[in-house]
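Here is the structure we will look at.
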Amino acid sequence: MRRFFYVALIAVAAVSAACGGRNKKGVPPEVPNDSIAVSEDSTVYGLACEGCSDSAVWLLPPDASDPIPYDIVNAMRRHKIFGKIKTGDAIAVVVNPTDSTVADMVIDLDQLKGTWCYVVMPTLKNADNLSKSAQEHIIAMLPDSIKEAYYQPVEYGFTLKRNDVASPVGLLRSLDTDDDNPFVYSDIEKYSAWSILNGRLVLTKQVNQRIITEPDTLAEERDDGQGERKEKDEGDMPIRVESKSVNDTADIVFLMEDSLVLRFKDRTQGYYRQK
């Protein structure tokens, strides 16, 4: 299957033309798209047509063929319609595997795009072994001047853009280098790309890995004529840094105009849309 994103103004014009039928010459309306093939993705992509309701969604395929209706009654009951579907919006439909006329899930991709944030507070340095209540007690005992200077909320999150591009929101450099600062902020997830895979949101980041270029030479002969061997110090070996793509996959739990909830494998995170 293919994944498609559309230029908004031209796309709306294409929807109006397609939902109203083909032109007299039988030439289908042009639907511009930026497509990326994802072989594992069974999601159907297109534009929402006129006629979408609480019981059905009409999807204009990327090839501008006839709009396809999908029954969404059960999806509505199961709260699997994410976003308020609007005519002309790019949408993603997860089709029922046993009934191709039924949509198990619908995502409004245009409403999913944007900047999503949540508030992060710093934690005490070197306090991993302290309970939450113990940390709160220590923070309460700190002078107000220290808390005013360093114990401040920060927005973290990400921006989802067109053409599968993502960017991080938050601290891109450390603010805890001050020796007087008793707090530390968590690392930001530096997402650079995003996609939908079978109805799930996939956020991609680049992670740097240190690789020893001579893994098989941990020992070397001593050049002292005694034939003894000594372990080669890892610090003496050439090391290169390679960038590796890592995906964080999340289920979309809730999506409306100003709110998003994602369920990752280790947590459920709520977001608000940054204006």
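Count residues from 1 along the sequence.
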Can you find a heavy atom in the side chain of [X] that is under 4.5 Å from one in the side chain of [Y]?
X: T249; Y: L197; value: no
X: I91; Y: Y45; value: no
X: F158; Y: W116; value: yes
X: L201; Y: F82; value: no
X: T159; Y: V169; value: yes
X: P97; Y: D104; value: yes
X: V95; Y: V102; value: no
X: I252; Y: L262; value: yes

Rounded to the nearest 0.5 Å, how far does [atom2] of [Y] lie from [atom1] of [X]?
X: R77; Y: H79; atom1: CZ; atom2: NE2; value: 11.5 Å
X: R273; Y: C117; atom1: CZ; atom2: SG; value: 10.5 Å
X: I81; Y: M76; atom1: CD1; atom2: CE; value: 6.5 Å
X: R200; Y: D41; atom1: CZ; atom2: CG; value: 12.5 Å
X: L60; Y: I68; atom1: CG; atom2: CD1; value: 9.0 Å
X: L124; Y: N181; atom1: CG; atom2: CG; value: 10.0 Å

Could I get the full list of side-chain contact (heavy atoms from CB on, under 4.5 Å) partners for K84, not counting sequence neighbours?
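Partners of K84 by the side-chain contact (heavy atoms from CB on, under 4.5 Å) criterion, ordered by chain and then number, come out as Q111.
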Between [X] and [Y], which heavy-atom pair has the shortest distance, and what is it?
X: G83; Y: D108; value: CA-CB, 4.3 Å
X: I85; Y: C52; value: CG2-SG, 4.2 Å
X: P61; Y: P67; value: CD-CA, 4.2 Å
X: L260; Y: L112; value: CD1-CD1, 4.1 Å
X: E189; Y: K205; value: OE1-NZ, 2.6 Å
X: K161; Y: S167; value: CE-OG, 3.4 Å

Should [X] and [Y] be regarded as members of a common hydrophobic cluster, given that ILVMFWY residues are connected when their side-chain heavy atoms come within less than 4.5 Å of each other, either directly or indirectly?
X: Y191; Y: V154; value: yes
X: I188; Y: V120; value: yes
X: V73; Y: V44; value: no
X: F254; Y: I72; value: no
X: L130; Y: I139; value: yes

For residues F183 and Y150, establish whether the separation of their ring centroids is below 6.0 Å.
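Between Y150 and F183, which both carry aromatic rings, the centre distance is not below 6.0 Å.
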Does Y156 have its ring centroid less than 6.0 Å away from the ring centroid of Y185?
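Ring centres of Y185 and Y156 not closer than 6.0 Å.
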Under the ring-ring contact (aromatic ring centres under 6.0 Å, His included) test, residues paired with Y272 that sit two or more places apart
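ring-ring contact (aromatic ring centres under 6.0 Å, His included) check on Y272 returns nothing, list empty.
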Would you say the side chains of T101 and D71 form a donor-acceptor pair under 3.5 Å?
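Checked: T101/D71 side chains show no N/O donor-acceptor pair below 3.5 Å.
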Verify the neighbour count for atom CG of D266: are there more than 12 heavy atoms of other residues, nucleotides or ligands below 6.0 Å?
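More than 12 heavy atoms, drawn from other residues, nucleotides or ligands, come within 6.0 Å of this atom.
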Do other residues, nucleotides or ligands put more than 12 heavy atoms under 6.0 Å from the CD atom of E257?
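No, the 6.0 Å shell around CD holds no more than 12 heavy atoms from other groups.
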So V93 and T43, side chain to side chain contact (heavy atoms under 4.5 Å, CB included) or not? Walk me through it.
CA-CA 6 Å; V93 176; T43 312; 5.6 Å; no
Residues Q135, T123; criterion side chain to side chain donor-acceptor pair (under 3.5 Å); working and verdict
CA-CA 8 Å; Q135 293 186 47; T123 58; 5.3 Å; no
Starting from the C-alpha separation in whole Å, work towards a yes-or-no answer on side chain to side chain contact (heavy atoms under 4.5 Å, CB included) for K190 and Q206.
CA-CA 7 Å; K190 299 179 181 179; Q206 298 298 316; over 6 Å; no
I would like to know whether Y151 and M121 meet side chain to side chain contact (heavy atoms under 4.5 Å, CB included); could you show each step before the answer?
CA-CA 7 Å; Y151 193 62; M121 294 297 293; 3.5 Å; yes
Not counting sequence neighbours, which residues clear salt bridge (Lys or Arg N to Asp or Glu O under 4.0 Å) with K275? List them please.
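Checked K275 against salt bridge (Lys or Arg N to Asp or Glu O under 4.0 Å); matches are D258.
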I'd like to know if D89 pairs up with K86 as an ion pair, taking the criterion as any Lys NZ or Arg NE/NH1/NH2 lying under 4.0 Å from an Asp or Glu carboxylate oxygen.
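Looking at D89 and K86, the cut-off is not met.
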Would you say N96's side chain and T98's backbone share a donor-acceptor pair under 3.5 angstrom?
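Between the backbone of T98 and the side chain of N96 there is a qualifying donor-acceptor contact (under 3.5 Å).
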Evaluate N247 against T204 for side chain to side chain donor-acceptor pair (under 3.5 Å), listing each step before the verdict.
CA-CA 4 Å; N247 292 331; T204 304; 2.7 Å; yes
